[in-house]
Amino acid sequence: MRKLYSCLCLFLLVSGHTLLAQGNGPGVRGARAAALGNSSVTISDVWAIGNNVAGLGQLTQPTIGFYAENRFLSRAFNTAALVAAFPLGPLANGKPKSGVVGFEAQRFGDKLYSEQRLGVGYGYRGSLVSIGARLDVLQVSIERLGSRRTAALSLGGQAEIIPKQLVLGAYLYNLNQAKLAEYQDERVPTVLKAGLSYRPNNKLMLNLETEKDVEQSADFKAGIEYRLLEALALRAGFATLTEQTTAGLGFQAGHLQIEYAAAWQTVLGLSQHLAISLRLDAK
C-alpha cells in the first residue's frame, strides 16, 4: 500500500494535468488516437464516442470495441473501456439515414481511487458536416472517503472544408460544468478541443489539434498516419502539455481491427494502449 500511495503522490506532483485529462476529463479513446498524440478530434471511427461524438455519424456498420490502457507501468493507472455503435435506419448516399447511436462503459484506477463512466452518444452526418452529442454519468470513488456521481453533457462537430481532404473538428466536453463536490466548488473539467486533419491521399493523414481545459494551459498535439499496406498503418505523434512522444500501428484483418500504441513521458516513463474493434454485418 505504501508503494501505491507513493506512486499516486508522484503522479499528482509531476503530472496533475495528465490525471485530469485521463480521468474525469475527456481522456484518450482507442490506441489509434493514442498513437497520434491524441490528435483525434477529426477522426470518425467507433472510438469517436469519446474523442468527438460527431464522428459516430459516419459509421455505416454496427461496431463493438474493447480498449485497455496502462500508464507508466503502474496498476493504479489502468483504464478499460467497452464501446458499441449502431447505425439507425437504412443507408442513404453512403450514410445512415437516421444517424448512429453509441454506448460506452469505462473504468479508470484501482481500489484506492477509481472513476467509472457510462456514456451514451448520438452522431448524425449531413452532406459535409457531422454533429453529435453525448451524455456521461461519471462516478468518482476514493477508498474510505466515499464516492460522488454527476452527469456531463458534451457536443461535437466535424466539417469537410475540402471534401475528403481537409477536415475541421471541434469538441466541447462537459458543457454544463458538472459539479463533483460542494467543497471548494469541485467540478468536472470543461475542455474544448479543436483541430484540422489534412489527407492528401488515401495513405497519408496529418493532424494538428489544440486542447484547452479552462483551468490548465493549452495542449498542442500533432499526429501522422501512413498506411504502408492496405492492412497495416504506421503512426506517430506528440503532445506538448503532457510532454509525451507517441508511436503505434494498426492491423486490419477483414472486419477485425487491432491497434497498439506506446507513449513516452520524460519523467514518468512508458504508457501502453491496446484497442480491438469488430465491425458487424448490417441487417
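Source: prediction; values computed, not measured. Atom set for the values below is all heavy atoms of this structure, side chains included, hydrogens, waters and symmetry mates excluded. Positions are given from 1, in the same order as the sequence printed here.
Partners of Thr210 under the side-chain contact (heavy atoms from CB on, under 4.5 Å) rule, at least two apart in sequence or in another chain, are Ala218, Phe220. In terms of the salt bridge (charged side-chain N to carboxylate O under 4.0 Å, His left out) criterion, residue partners of Glu182 (sequence neighbours excluded) are, by chain and number, Lys179. Judged as a side-chain hydrogen bond (donor to acceptor under 3.5 Å, both in side chains), and not counting sequence neighbours, the contacts of Thr190 are Asn174. Looking at residues two or more places apart in sequence or on another chain, you find a salt bridge (charged side-chain N to carboxylate O under 4.0 Å, His left out) between Asp45 and Arg32. Partners of Glu259 by salt bridge (charged side-chain N to carboxylate O under 4.0 Å, His left out), not counting sequence neighbours, listed by chain and number: Arg235. Ala236 pairs by the side-chain contact (heavy atoms from CB on, under 4.5 Å) definition with Ile224, not counting sequence neighbours. Partners of Arg187 under the salt bridge (charged side-chain N to carboxylate O under 4.0 Å, His left out) rule, at least two apart in sequence or in another chain, are Asp185. When the side-chain contact (heavy atoms from CB on, under 4.5 Å) test is applied to Leu228, the partners found at least two apart in sequence or on another chain are Tyr226, Leu232, Leu234.
Taking Ile, Leu, Val, Met, Phe, Trp and Tyr as hydrophobic and joining them when side-chain heavy atoms fall under 4.5 Å apart, one finds Tyr260 isolated, its cluster having no other members. Under a 4.5 Å side-chain heavy-atom cut-off, the cluster of Ile, Leu, Val, Met, Phe, Trp and Tyr residues that includes Leu118 has no other member. Hydrophobic cluster membership for Leu155: Leu153, Leu172, Leu175, Leu192 (Ile, Leu, Val, Met, Phe, Trp, Tyr linked by side-chain heavy atoms under 4.5 Å, directly or transitively).
Residues Glu104 and Arg134 are paired through a salt bridge, judged by an N-O separation under 4.0 Å between the basic side chain and the carboxylate.
The aromatic rings of Phe77 and Phe108 lie parallel to each other, their planes meeting at an angle below 30°, with 60° marking the opposite boundary. Ring geometry for His273 against Tyr67 counts as parallel: the plane angle stays under 30°, on a 0 to 90° scale with 60° as the upper cut.
No donor-acceptor distance shorter than 3.5 angstrom exists from the side chain of Arg29 to the backbone of Ser40, with no hydrogens or angles considered. Looking only at distances, no side-chain donor or acceptor of Ser114 sits under 3.5 Å from a matching main-chain atom of Lys111. A donor-acceptor distance shorter than 3.5 angstrom exists from the side chain of Asn52 to the backbone of Ala54, with no hydrogens or angles considered. Using modelled atom types, one side-chain atom of Lys193 and one backbone atom of Asn51 make a donor-acceptor pair closer than 3.5 Å. No donor-acceptor pair closer than 3.5 Å links the side chain of Asp213 to the backbone N or O of Ser217. A side-chain donor-acceptor contact under 3.5 Å links Thr246 to the backbone of Gly237. Judged by distance alone, with hydrogens and angles left aside, the side-chain atoms of Asn207 form a donor-acceptor pair with the main-chain N or O of Ser39 at under 3.5 Å.
When side chains are defined from C-beta on, Val167 does not count as touching Tyr198, because their heavy atoms never get closer than 4.5 Å. Using a 4.5 Å heavy-atom cutoff, the side chains of Ser44 and Ser130 are not in contact. Taking 4.5 Å as the limit, some side-chain heavy atom of Val101 sits within range of a side-chain heavy atom of Leu88.
When only modelled atom types and interatomic distance are considered, Thr63 and Gln61 share no side-chain donor-acceptor pair under 3.5 Å.
The stretch residues 154-168 participates, sequence neighbours left out, in these side chain to side chain donor-acceptor pair (under 3.5 Å) pairs: Gln58-Gln158, Arg125-Glu160.
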| Does the side chain to side chain contact (heavy atoms under 4.5 Å, CB included) test come out yes or no for Arg71 and Val28, once each step is laid out? | CA-CA 12 Å; Arg71 294 216 166 202; Val28 179; 3.8 Å; yes

| request: Could you go through the side chain to side chain donor-acceptor pair (under 3.5 Å) check for Ser197 and Arg199 one step at a time? | output: CA-CA 6 Å; Ser197 179; Arg199 303 160 187 176; 2.9 Å; yes

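Note on Tyr124 and Phe86: same hydrophobic cluster, where clusters join Ile, Leu, Val, Met, Phe, Trp and Tyr whose side-chain heavy atoms are under 4.5 Å apart, directly or indirectly.
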